[in-house]
Amino acid sequence: MAKKPGIPKGTRDFTPEEVTKRNYITGIIKTQFQRYGFQPIETPSFENSDTLLGKYGDEGDRLIFRILNSGDFLRKAKPDHLENRDSNAMASDISEKALRYDLTVPFARYVVMHQNEIDLPFKRYQIQPVWRADRPQKGRFREFYQCDADVVGSNSLWQEVEFVKLYDAVFHELGLKGVTIKINNRKVLAGLAEIIGAADKLIDFTVALDKLDKIGEEGVKKEMLEKGLSEQAIERIQPLFAFEGSNEERLDQLEAMLKTSEEGMKGVEELRFIFSNVSALGVLAANLEVDVTLARGLNYYTGAIFEVGAPEGVAMGSIGGGGRYDDLTGIFGLKGVSGVGISFGLDRIYLVLEELGLFPESVTENTRVLILNFGEAEAFYGMELLQQLRNKGINAELYPDAAKMKKQMNYANKRNIPYVVLAGTQEMNDATYTLKNMSNGEQDTLKQQELLDKLT
RNA sequence: GUGGUUGUAGCUCAGCUGGUUAGAGCGCUGGAUUGUGGUUCCAGAGGUCGCCGGUUCGAACCCGGUCUUCCACCCCA
């Protein structure tokens with residue numbers, strides 16, 4: 001026998017049940033995206049390398065899957081690159097395409113290329129797979145789906161308010177309570193770095209701060225010292241390590257710290273706007289939290305930063321994230337267009353819903369009625385009913401073989417089919433059908449029209 | 001990319017310091033039961049012990065490599 005086939009690390013096949021459940025999630029996300037006024041687009045699964053490279057930082061570049069050129073590509077490679085075993089330089093000689101790493105950069109590219117045909121503000125959503133050459137772990141794959149909604153061409157903070165509401169609406173409809181929407185602002189982080197005289201060390205400063213819940217206060221201070229921040233500087237941000245109280249109280253504390261930083265004050269003001277308005281409008285399923293340690297995606301975010309954490313007790317990284325980029329399309333030559341957006345991590349949301357048992361029973365119900373097969377003549381009689389059921393929009397099927405009843409019944413059980421129709425010689429003689437409810441075992445012998453009425 | 005971890009039947013897992021023919025539960029197939037499933041009882045099928053190589057009289061077990069899983073770091077959905 002041939003060697004057993006396999007699939008690449010970090011990729012998965014999906015069974016019918018898994019696809020059905022995934023469709024349930026994306027269906028809800030899609031519906032809410034549309035309800036909030038977003039329009040769908042799609043972009044290619046691979047882009048020109050220079051569209052992607054350099055957009056996600058050095059770490060990001062490392063994780064981009066690159067596509068080998070066709071043909072005798074080595075012949076065109078620069079001899080000195082080959083000679084020196086210079087992988088990075090070689091890579092650009094022999095590869096000019098790469099797999100999509102996220103949906104935001106391709107979207108920025110899309111906006112620039114289609115700038116003459118789109119009206120700003122442009123609100124689009126996009127649900128497609130992305131690829132990262134990461135080392136897989138639970139909830140971390142090398143191929144996974146992102147569900148993004150972004151707006152370009154509006155500086156209004158009402159967009160941020162809308163996105164928080166959108167997050168909340170989706171998680172509420174999924175029945176996922178207790179998610180935490182964490183919000184921060186790049187300007188606040190920049191302000192903090194500024195008041196401690198470390199404006200040039202913003203990234204090091206925030207990366208260290210981001211680890212607070214993981215390595216604790218001492219760990220963060222140690223890392224900051226290693227990165228060259230002074231003792232006095234760290235002393236000035238001491239209040240951050242004991243940040244408590246309501247969101248309003250936290251904002252008050254932040255404001256007190258940032259009084260001397262114009263940029264920092266602007267960030268606090270923006271956070272206040274978002275929080276006060278979202279609070280006044282109300283949330284259904286999520287907790288809102290000011291989190292000054294949140295520092296995701298700092299390579300590009302310039303204003304709001306969002307991250308959604310799974311409910312307490314579920315070991316899962318973030319299930320969503322987003323933020324604002326003041327100059328989203330600038331990298332592709334279209335200046336002064338601001339963008340803000342959020343993303344849902346489909347694969348992680350799936351794992352969370354599965355762990356919490358939140359998929360409705362009805363989600364996996366595909367066929368509603370199974371007609372049992374007792375033989376050729378009976379099958380034809382069943383087919384007549386089948387057509388009527390399908391005309392009424394009821395998912396129905398006939399068991400293809402005149403197998404033992406036990407086998408046919410078991411098939412219905414395993415497929416989670418709620419109704420079975422028995423149509424044998426008795427029913428044919430009386431022009432009736434016997435409808436059996438598989439969950440409680442009750443059955444009725446009915447005329448065709450009665451049966452149809454009962455199921456619609 | 002760094003360090004570690006896991007892999008035995010379709011699934012979840014036993015398998016002693018290396019020693020005949022590798023086990024269990026669940027599931028699957030058939031029967032008890034020719035038009036009534038889920039419960040019960042009986043029988044049966046199913047494994048190159050992830051893969052390649054090494055040590056040994058002898059390897060599921062020891063060693064090396066490789067793939068995969070999960071974990072920590074990095075980063076992230």
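Letters go in sequence order (proteins before strands), and every chain restarts at 1.
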Taking atom [atom1] in both [N] and [M], compute the distance separating them and give it to the nearest angstrom.
N      : M      : atom1 : result
B:rA59 : B:rG53 : C1'   : 13 Å
B:rA72 : B:rC28 : P     : 36 Å
B:rC16 : B:rC62 : C1'   : 16 Å
B:rC71 : B:rA9  : P     : 22 Å
B:rU56 : B:rG46 : P     : 36 Å
B:rG18 : B:rC61 : C1'   : 6 Å
B:rU12 : B:rC75 : C1'   : 33 Å
B:rA32 : B:rG50 : C1'   : 41 Å

Over how many whole Å does the gap from [X] atom [atom1] to [N] atom [atom2] extend?
X        : N      : atom1 : atom2 : answer
A:Glu17  : B:rG10 : CD    : P     : 20 Å
A:Asn373 : B:rG35 : CG    : P     : 12 Å
A:Glu59  : B:rC75 : CD    : C1'   : 5 Å
A:Asp61  : B:rC76 : CG    : C1'   : 15 Å
A:Gln408 : B:rG38 : CD    : C1'   : 16 Å
A:Asn413 : B:rU36 : CG    : P     : 15 Å
A:Asn416 : B:rG37 : CG    : C1'   : 13 Å
A:Ile203 : B:rC75 : CD1   : C1'   : 13 Å

* Audit row: A:Lys123, A:Phe33, side-chain contact (heavy atoms from CB on, under 4.5 Å) steps and yes/no -> CA-CA 10 Å; A:Lys123 300 170 68 171; A:Phe33 280 176; over 6 Å; no
* To do: Under 4.0 Å between any heavy atoms, over every strand shown, what does A:Gly317 touch: base, sugar-phosphate, or nothing? Just pick one.
  =>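 If one applies the 4.0 Å heavy-atom cut-off, A:Gly317 turns out to touch nothing in the nucleic acid.
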* Give one of base, sugar-phosphate or nothing for A:Leu422, where a contact means two heavy atoms less than 4.0 Å apart. => base
* Compute the centroid of each ring, for A:Phe46 and then for A:Phe65, and state whether the two points are separated by less than 6.0 Å. => no
* **Output field: ring centroids A:Phe306/A:Phe163 closer than 6.0 Å** =>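 No, the ring of A:Phe306 stays outside the 6.0 Å limit from the ring of A:Phe163, centre to centre.
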* Identify the residue among A:Val369, A:Ile371, A:Asn366, A:Ile417 that makes a side chain to side chain contact (heavy atoms under 4.5 Å, CB included) with A:Glu397. => A:Ile417
* Structure fact -> By nearest-heavy-atom nucleotide on RNA chain B, the more 5' of A:Asp210 and A:Ala403 is A:Ala403
* **Contact list for RNA chain B against residues 435-446 of chain A - heavy-atom distance below 4.0 Å** =>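 Those residues are A:Lys436, A:Met438, A:Ser439, A:Gly441, A:Gln443.
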* **Proximity to RNA chain B (any heavy atom under 4.0 Å), residues of residues 176-185 of chain A only** =>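 Heavy-atom contacts with RNA chain B come from no residue of residues 176-185 of chain A; none.
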* **Nearest-0.5 Å distance that lies between atom CZ in A:Arg12 and atom CG in A:Asp347** => 4.5 Å
* **Residue list, side chain to side chain donor-acceptor pair (under 3.5 Å) with A:Asn395, at least two apart or on another chain** => none
* To do: Evaluate the ring planes of A:Phe344 and A:Tyr167, with Trp represented by its six-membered ring, and classify them as parallel (under 30°), tilted (30 to 60°) or perpendicular (over 60°).
  =>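 If you compare the ring of A:Phe344 with that of A:Tyr167, the planes turn out perpendicular.
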* Which class fits the ring pair A:Phe122 and A:Phe107: parallel under 30°, tilted 30 to 60°, perpendicular over 60°? ->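 Tilted.
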* Structure fact -> Its contact letters, B for base, S for sugar-phosphate only and - for none at protein heavy atoms under 4.0 Å, make nucleotides 68-73 of chain B read SSSBBS
* Asked: Where along nucleotides 28-33 of chain B does protein come under 4.0 Å, by heavy atom, of base (B) or sugar-phosphate alone (S), with - for untouched nucleotides?
  -> SSSSB-
* Stems in RNA chain B: runs of 3 or more consecutive Watson-Crick or G-U pairs, distances under 3.5 Å? ->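 When the pairs of RNA chain B are grouped into runs of at least three, the stems are B:1-4 with B:70-73, B:10-13 with B:23-26, B:28-32 with B:40-44, B:50-54 with B:62-66.
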* Asked: Hey, is A:Phe344 doing a stacking thing with B:rA77, by the 5.5 Å centroid and 30° angle criteria?
  ->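 No, aromatic ring not over the base.
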* To do: Tell me whether A:Phe144 is stacked on the nucleobase of B:rA77, counting only the six-membered base ring and applying the 5.5 Å and 30° thresholds.
  => yes
